[in-house]
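Following: one structure in structure tokens, then a few remarks.
All figures in this text were calculated on a predicted structure; none of them were measured in a lab. Side chains included, hydrogens not; waters and symmetry mates left out as well; all remaining heavy atoms used. Throughout, numbering of the chain's residues begins at 1 and tracks the sequence.
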Amino acid sequence: MAAEQDLNNGLEEQALPPSGISDAFSGLADQSVGEIYKGLEIPRTLFHYTSAQGLIGILGEHKIWFSDATFMNDGSETTWGINLVTVAIDQLIADKPAEEKDAGEALKIEVGRAMEALQPVIFCMSSRNNLLNQWRDYGKDVVPYSIEFDVQEFEKWGGKTFPIFLTKIVYNYSFQQKLIRDLLTSIYMKTIELRGSRQYFDEEEGQRLLRGAAVEIVSLITRFKNSSFDAEEEWRAICYRPQVANVVRKYRSSSLGVVPYYEWHATDEPKQLPIKSVTVGPSPYAQVSDLALKQFLADKGYDVPTHYSTIPIRR
């Protein structure tokens, strides 16, 4: 977990809402999350792919658009991790006594409730620039762009409208299964320890423990994504829905139609976002688009280099 702590400077602890009910399992997810970063070199920069409309909104107003995970291009965004947890719980309780099977079934329900309550609000980036699949996604009948963010400056950018943390996304199915099994095993062993010599927990205490366990599970599985999207090499900034409860919800157009987003920006100086460059996506007019981009950036106070992709996509 050390790599992520260095990267996030403790922001994750601020972003994840405490259960307010039980902290018996608090921190157990960190053990599994730490496995994600073992031997991993943290990128110094990350790239956000966007449309011309997105570029104007982000750099023109110095505001980052966080989207509700419900409305992303991955249709399994909000169900993938829950399905993995369901399978893992079924495997864990298969040979357990009836009361433990009942607890497992209750935990599955509670994880679904916790995911709904803590639904991630996210800003997606990639560890690589000039990715063909990203240009295809964002370049349908328009010129796409890639904004390069300085990771350390992104984290230090002060006076934000809501707390966030950065995380690497895990695509490998076997690794996802292992991380969930490890966390569920830790939760199970902690539950046995808490129960001690008692036969069972009373109903109120049992509910507190279920909810506390569900929060830990959700904090892990919001880092998982369907392996079909692994070419994106995604990192993302995450906030949980309760943290934007008092933020004005706005709307933008997307392939899904009208979708909501939340603006994350500095509330003190400097207003400019910590970017290092901007790349124009593949286009037969890339050089002209690059010239216009330079003027736009200069007018908005950004003194950064620009590039344009030479990938030969025909439109």
Side-chain angles (χ1 to χ4, degrees), residues 3-4 6-8 33 35-55 57-59 64-67 69 72-74 76-77 80 120 122-140 142-155 157 164-176 222-238 254-255 264 273-283 286-287 289-290 293-294 297 302 304-315:
E4 186 173 59
D6 291 341
L7 180 65
N8 298 329
V33 171
E35 293 293 314
I36 299 172
Y37 296 97
K38 282 190 175 178
L40 179 69
E41 182 177 352
I42 305 299
R44 294 185 178 181
T45 62
L46 293 170
F47 302 87
H48 176 69
Y49 292 82
T50 189
S51 64
Q53 180 198 22
L55 180 84
I58 294 171
L59 298 185
I64 291 176
W65 297 1
F66 274 70
S67 300
M72 304 306 292
N73 62 340
D74 176 3
S76 64
E77 183 79 47
W80 180 260
I122 63 179
F123 179 70
C124 302
M125 292 174 279
S126 173
S127 59
R128 286 184 57 197
N129 194 17
N130 204 27
L131 282 174
L132 177 57
N133 71 298
Q134 293 292 73
W135 293 137
R136 283 173 171 163
D137 284 346
Y138 291 95
K140 298 173 183 176
V142 296
V143 176
Y145 297 85
S146 169
I147 305 171
E148 181 183 15
F149 286 91
D150 183 306
V151 171
Q152 289 188 344
E153 293 302 316
F154 188 93
E155 283 293 317
W157 196 48
I164 59 97
F165 66 93
L166 285 173
T167 184
K168 176 177 171 52
I169 295 302
V170 178
Y171 298 98
N172 184 280
Y173 183 72
S174 297
F175 190 34
Q176 292 171 347
T222 49
R223 306 160 195 273
F224 295 172
K225 197 167 181 177
N226 190 310
S227 57
S228 300
F229 293 86
D230 62 353
E232 295 177 350
E233 300 186 30
E234 185 180 341
W235 288 66
R236 63 176 49 165
I238 297 181
S254 78
S255 59
W264 188 71
L273 292 159
I275 68 171
K276 299 192 71 174
S277 72
V278 182
T279 301
V280 179
S283 165
Q287 293 185 35
S289 298
D290 182 57
L293 173 63
K294 291 179 187 297
L297 292 174
Y302 291 99
V304 297
T306 65
H307 314 281
Y308 58 86
S309 175
T310 57
I311 294 177
I313 301 177
R314 285 181 175 171
R315 300 190 184 282

Tell me every residue that passes ring pair (Phe, Tyr, Trp, His ring centres under 6.0 Å) with Phe149, counting only those two or more places apart in sequence or in another chain.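 Here the qualifying residues are Phe123, Phe154.
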Under a 4.0 Å N-O cut-off, is there an ion pair linking Glu232 with Lys225?
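Salt bridge: yes.
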Sorted by chain and residue number, the side chain to side chain contact (heavy atoms under 4.5 Å, CB included) partners of Asp230 (sequence neighbours excluded) come out as Tyr171
Residues at least two apart in sequence or cross-chain that pass side chain to side chain contact (heavy atoms under 4.5 Å, CB included) with Leu132, listed by chain then number, are Arg136, Ile311, Ile313
Test of understanding: with salt bridge (charged side-chain N to carboxylate O under 4.0 Å, His left out), list the residues that count as partners of Lys294, not counting sequence neighbours.
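By the salt bridge (charged side-chain N to carboxylate O under 4.0 Å, His left out) rule, Lys294 matches Asp290.
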Check: [Y] and [X] side chains under 4.5 Å, non-hydrogen atoms:
X: Ile238; Y: Ile164; answer: no
X: Ser146; Y: His48; answer: no
X: Asp150; Y: Arg44; answer: no
X: Phe175; Y: Glu35; answer: yes
X: Val143; Y: Trp135; answer: no
X: His307; Y: Val280; answer: no

Exercise. Between the main-chain N or O of Leu273 and the side-chain N or O of Tyr302, is there a donor-acceptor pair closer than 3.5 Å?
Worked result: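 Present.
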With [X] via side-chain hydrogen bond (donor to acceptor under 3.5 Å, both in side chains) - residues at least two apart:
X: Ser289; result: none
X: Thr50; result: none
X: Ser51; result: none
X: Ser228; result: Asn226

Where [X] and [Y] come nearest, the two heavy atoms and their spacing:
X: Phe224; Y: Ile169; value: C-CG2, 4.4 Å
X: Asn130; Y: Tyr49; value: N-OH, 2.8 Å
X: Trp65; Y: Gly54; value: CZ3-CA, 4.2 Å
X: Ser309; Y: Pro282; value: OG-CG, 3.6 Å
X: Cys124; Y: Glu234; value: SG-OE2, 3.2 Å
X: Pro120; Y: Thr222; value: CG-CG2, 3.3 Å

Measure the [atom1]-[atom2] distance between [X] and [Y] for me, rounded to the nearest 0.5 Å.
X: Ile36; Y: Gln176; atom1: CD1; atom2: CD; result: 9.5 Å
X: Leu293; Y: Gln287; atom1: CG; atom2: CD; result: 13.5 Å
X: Gln134; Y: Ser126; atom1: CD; atom2: OG; result: 6.0 Å
X: Lys168; Y: Arg236; atom1: NZ; atom2: CZ; result: 12.0 Å
X: Leu166; Y: Ile42; atom1: CG; atom2: CD1; result: 9.5 Å

Are Trp264 and Phe66 close enough that their ring centers fall under 6.0 Å?
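Yes, the ring of Trp264 comes within the 6.0 Å limit of the ring of Phe66, centre to centre.
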The complete set of salt bridge (charged side-chain N to carboxylate O under 4.0 Å, His left out) pairs with one or both residues in residues 126-135, sequence neighbours excluded, reads Arg128-Glu233
Which of Leu59, Leu297, Ile147 passes side-chain contact (heavy atoms from CB on, under 4.5 Å) with Val304? It is Leu297
Checklist line | Any side-chain donor near an acceptor of the partner, Thr45 and Glu148, under 3.5 Å | finding: yes
Side chains of Thr306 and Tyr145 only: does a donor on one sit below 3.5 Å from an acceptor on the other?
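No pair is found: no donor N or O on one side chain lies under 3.5 Å from an acceptor on the other.
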